[in-house]
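Down below is the structure, laid out as structure tokens.
The figures that follow rest on heavy atoms only: side chains count, while hydrogens, waters and symmetry mates do not.
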Amino acid sequence: MEALVILLAVFIFLLLIALATGVRIVQEWERGIVFRFGQIQRQGPQGPALMRSPGLTLIVPLVDRLQKVNMQTVAMGVPGQDGITSDNVSVRVDAVVYFRVIDPGKAIVNVQNYVYAVSQVAQTSLRSVIGKAEMQDLLAERDKINTELRAIIDEMTEGPWGVRIERVEIKDVSLPEGMKRSMARQAEAERERRARIITADGEYQSSKRLAAAAHELSKDPASLQLRLLQTVTDVAAEKNSTLIMPLPVELLRFFDKASGAAEEAPARSASQIEEPPALEEAIESLPEVPAVDPSAPVVDRAVAEADPAVHRPRDL
């Protein structure tokens with residue numbers, strides 16, 4: 001009787017150990033694959049692998065083995081790869097690959113370590129894309145390069161390994177120092193060309209506006225004076241400037257009129273110039289001179305006074 005009790009106790013103990021070893025917990029982000037005697041359990045002879053849902057699951061102790069597979073998206077950095085572009089420029093490119101497992105059976109059975117395998121495929125594919133692309137495409141057309149790189153990697157991983165490449169991003173493109181300097185000079189020259197074009201266009205537009213403004217100001221002379229005063233006010237706002245006032249416009253016009261009148265004076269005729277009244281009165285007040293006989297001899301007064309007897313007539 002005691003031996004039977006001992007055997008029953010041993011059996012219950014072994015049963016509890018078996019139940020303990022047969023209970024497994026699958027996390028929400030995981031899926032379980034059951035191997036029975038080393039063979040994967042499938043949904044049918046050639047169907048997909050039978051996955052255990054998250055939560056508490058039971059397996060047969062010493063018969064089944066549960067393999068857990070992470071279904072989360074993995075962000076894996078691709079080490080920098082040195083390559084030469086199609087236009088013979090040495091570059092170094094590094095990228096990031098985002099992938100996740102969509103078929104746990106293939107990820108476990110068909111490849112030994114799918115994370116390492118995806119990393120190697122990404123590196124070789126990145127070198128291949130670098131060799132086919134030009135430097136300008138690597139710098140400006142990154143979306144196109146990312147799409148092409150994703151298609152190449154996904155073709156090699158999704159079908160055979162059950163790993164889907166969701167996204168590929170190129171992080172950085174390192175160029176030689178000489179190429180950087182050349183690109184900087186090119187960009188500087190391009191910016192200078194645009195600046196000169198913009199400056200010339202601005203001067204052309206401002207000249208047209210100034211010509212129109214001058215045309216409008218010439219219609220009214222007072223507007224020029226107002227514009228001058230406005231300019232003086234703007235200059236006077238600067239405390240560190242010396243203001244030199246030009247001659248007023250009205251004074252210049254006065255000198256202009258005066259010079260015009262002086263040029264017109266010599267053109268007047270002599271008949272239009274009237275003699276002053278005082279000169280005419282002086283001429284009229286002079287005494288009358290007696291008439292002289294033209295036939296009478298003319299005697300020199302000095303000789304006549306010296307010798308009255310001598311008369312020396314002189315013809316006129």
Contact check, side chains of L175 and M135, non-hydrogen atoms, under 4.5 Å: yes

Atom of Q72, atom of R100 and distance for their closest heavy-atom approach: O-CB, 3.7 Å

Residue pair S90 / P176: nearest heavy atoms and the distance that separates them: O-CD, 3.0 Å

Non-hydrogen atoms of R31 and M71 that approach each other most closely: CG-CG, 3.5 Å

D64 side chain vs V60 backbone, donor-acceptor pair below 3.5 Å: yes

Over 12 foreign heavy atoms within 6.0 Å of CD, Q39: no

Cluster check F35, L66: I/L/V/M/F/W/Y, side chain < 4.5 angstrom: no

CG-OG distance between L138 and S86, expressed to the nearest 0.5 angstrom: 8.5 Å

D201 side chain reached by Q205 side chain, heavy atoms, under 4.5 Å: yes

Minimum-distance pair of heavy atoms, taken over all atoms of S125 and I152: OG-CG2, 3.5 Å

From CA spacing to verdict: side chain to side chain contact (heavy atoms under 4.5 Å, CB included), Q123, Q81: CA-CA 7 Å; Q123 294 180 29; Q81 301 298 312; 3.5 Å; yes

Distance (rounded to the nearest 0.5 Å) between K132 NZ and I145 CD1: 10.5 Å

Residue pair I170 / V93, side-chain heavy-atom distance below 4.5 Å: yes

Full working for side chain to side chain contact (heavy atoms under 4.5 Å, CB included) between I165 and V97: CA-CA 7 Å; I165 306 299; V97 179; 4.0 Å; yes

T124 backbone acceptor or donor facing S128 side chain under 3.5 Å: no

Close side-chain approach of V96 to V78, heavy-atom, < 4.5 Å: no

Table please: side-chain donor-acceptor pairs of residues 177-186 below 3.5 Å, with sequence neighbours left out.
| residue | atom | partner | partner atom | Å |
| --- | --- | --- | --- | --- |
| S182 | OG | G178 | O | 3.0 |
| S182 | OG | R185 | NH2 | 3.4 |

Validation row: V163, E158 side chains within 4.5 angstrom (heavy atoms): no

Test side chain to side chain contact (heavy atoms under 4.5 Å, CB included) applied to F99 and M76, step by step: CA-CA 8 Å; F99 65 91; M76 182 185 63; 3.9 Å; yes

In one Ile/Leu/Val/Met/Phe/Trp/Tyr side-chain cluster, 4.5 Å: I40, V34: no

Within-4.5 Å side-chain heavy-atom neighbours: W29 and Q27: yes

Student check: side-chain heavy atoms of E30 and V69 closer than 4.5 Å: no

Donor-acceptor under 3.5 Å (T157 side chain, W161 main chain): no

L139, CG: over 12 other non-hydrogen atoms inside 6.0 angstrom: yes

Closest non-hydrogen atom pair between I102 and R164, with its separation: CD1-NH2, 3.7 Å

Rounded distance (nearest 0.5 Å) linking atom CG of L7 with atom CD1 of I12: 11.0 Å

Salt-bridge contact E148-K144 (side-chain N to carboxylate O under 4.0 Å): no

Working for salt bridge (Lys or Arg N to Asp or Glu O under 4.0 Å), residues E190 and R193: CA-CA 5 Å; E190 179 66 20; R193 182 185 68 86; 2.4 Å; yes

Candidate pair T57 and R52, rule side chain to side chain donor-acceptor pair (under 3.5 Å), full reasoning: CA-CA 7 Å; T57 183; R52 298 297 177 92; 2.8 Å; yes

Going by atom type alone, with no hydrogens or angles, which donor-acceptor pairs under 3.5 Å involve a side-chain atom of residues 105-118 and a protein atom two or more places apart or on another chain?
| residue | atom | partner | partner atom | Å |
| --- | --- | --- | --- | --- |
| K106 | NZ | G159 | O | 3.2 |
| N110 | ND2 | P160 | O | 2.7 |
| N113 | OD1 | V115 | N | 3.3 |

Pairwise distance CD(E192) to CD1(I197) - rounded to 0.5 angstrom: 11.0 Å

Distance in Å, Q67 CD paired with I33 CD1, rounded so as to fall on 0.5 Å steps: 8.5 Å

Backbone N/O of R150 and side chain of D154: donor-acceptor pair under 3.5 Å: no

Minimum side-chain heavy-atom gap T73-E166 below 4.5 Å: yes

Neighbour count >12 (heavy atoms, 6.0 Å) for atom CD1, I25: no

Axial cation check for Y98 ring with R167, 6.0 Å and 45° limits: no

R36 CZ to R65 CZ distance, which is reported to the nearest 0.5 Å: 13.5 Å

